[in-house]
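When a ligand or atom number is given, it counts from 1 through the structure's own listing order.
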Amino acid sequence: MPKIKYDSSGEEVEVENGTELRDVCQKQSWDVPFGCEDGVCGTCIVKINSGEENLTPMEEKEKTTLEAMGLNDGKHRLACQCKVSGGDISFETN
Ligand code: FES
């Protein structure tokens, strides 16, 4: 199972493929804030430190929000808009 590491605290957990990053954060009580949970507000932005290829591809809404924030750089994702897909990930809050 893929390992998800929250670099901001050093904690790590194994999850099923297809798990939403939001669900991991909320279940682990990691300090990632959420607002709309719909890819619009940008509150849940995180910086992916490794394994960005192991998250589901970005859809239009997430792209638009990240562009508006000036952070559509391939390293930032919205935790409410991506799922774990095939391998390990490490990330931190922005
Ligand atoms: S909580 Fe609003 S974009 Fe994720």
Side-chain angles (χ1 to χ4, degrees):
M1 291 201 297
K3 286 193 198 95
I4 311 299
K5 185 168 181 220
Y6 183 44
D7 288 333
S8 300
S9 72
E11 291 166 86
E12 188 175 86
V13 66
E14 283 192 344
V15 302
E16 299 280 348
N17 253 327
T19 304
E20 289 186 12
L21 194 52
R22 168 188 52 194
D23 293 346
V24 182
C25 295
Q26 291 180 338
K27 195 167 171 207
Q28 299 302 316
S29 300
W30 288 343
D31 192 21
V32 179
F34 289 91
C36 68
E37 301 195 13
D38 193 32
V40 178
C41 72
T43 304
C44 66
I45 190 158
V46 294
K47 181 169 175 272
I48 309 299
N49 291 328
S50 67
E52 54 271 22
E53 70 279 9
N54 296 324
L55 289 167
T56 47
M58 221 180 270
E59 291 188 7
E60 216 42 55
K61 187 162 37 175
E62 182 178 6
K63 237 179 242 177
T64 303
T65 301
L66 288 174
E67 271 163 18
M69 297 171 81
L71 289 170
N72 188 12
D73 55 8
K75 279 285 178 189
H76 288 85
R77 295 295 303 261
L78 299 175
C80 73
Q81 295 296 296
C82 49
K83 293 180 181 169
V84 180
S85 175
D88 300 349
I89 294 155
S90 69
F91 74 99
E92 63 188 45
T93 36
N94 207 32

Could you confirm whether Cys36 has any N/O/S atom lying under 2.8 Å from atom 4 (Fe) of ligand 1? no
Salt bridge check, Arg22 against Glu37: does any charged N sit closer than 4.0 Å to a carboxylate O? yes
Please say which of Ile89, Asp31, Val13 ends up in a side-chain contact (heavy atoms from CB on, under 4.5 Å) with Tyr6. Asp31
Using a strict 4.0 Å cut-off to heavy atoms of Cys41, name the atoms of ligand 1 that fall inside it. 1 (S), 2 (Fe), 3 (S)
Name the one of Glu92, Glu53, Glu62 that satisfies salt bridge (charged side-chain N to carboxylate O under 4.0 Å, His left out) with Arg77? Glu62
Can Phe91 and Leu55 be said to form a side-chain contact (heavy atoms from CB on, under 4.5 Å), step by step? CA-CA 11 Å; Phe91 74 99; Leu55 289 167; over 6 Å; no
Close-contact set for ligand 1 against Gly39 heavy atoms, below 4.0 Å: 3 (S)
Interfacing atoms of ligand 1 (cut-off 4.0 Å, heavy-atom, Gly42): 2 (Fe), 3 (S)
Tell me, which protein residue and heavy-atom name are nearest atom 1 (S) of ligand 1, and how many Å apart are they? Glu37 N, 3.1 Å
Please state which part of Val40 comes within less than 4.0 Å of ligand 1, counting heavy atoms only: side chain, backbone, both or neither. backbone
Less than 4.0 angstrom from a charged side-chain N to a carboxylate O is my criterion; do Lys61 and Asp38 meet it? yes
Applying salt bridge (Lys or Arg N to Asp or Glu O under 4.0 Å), run through Lys5 and Glu11 and close with a yes or a no. CA-CA 6 Å; Lys5 185 168 181 220; Glu11 291 166 86; over 6 Å; no
Considering only heavy atoms of Cys44, which atoms of ligand 1 have at least one such atom less than 4.0 Å away? 1 (S), 3 (S), 4 (Fe)
N, O or S from Cys80 under 2.8 Å to atom 4 (Fe) of ligand 1: yes
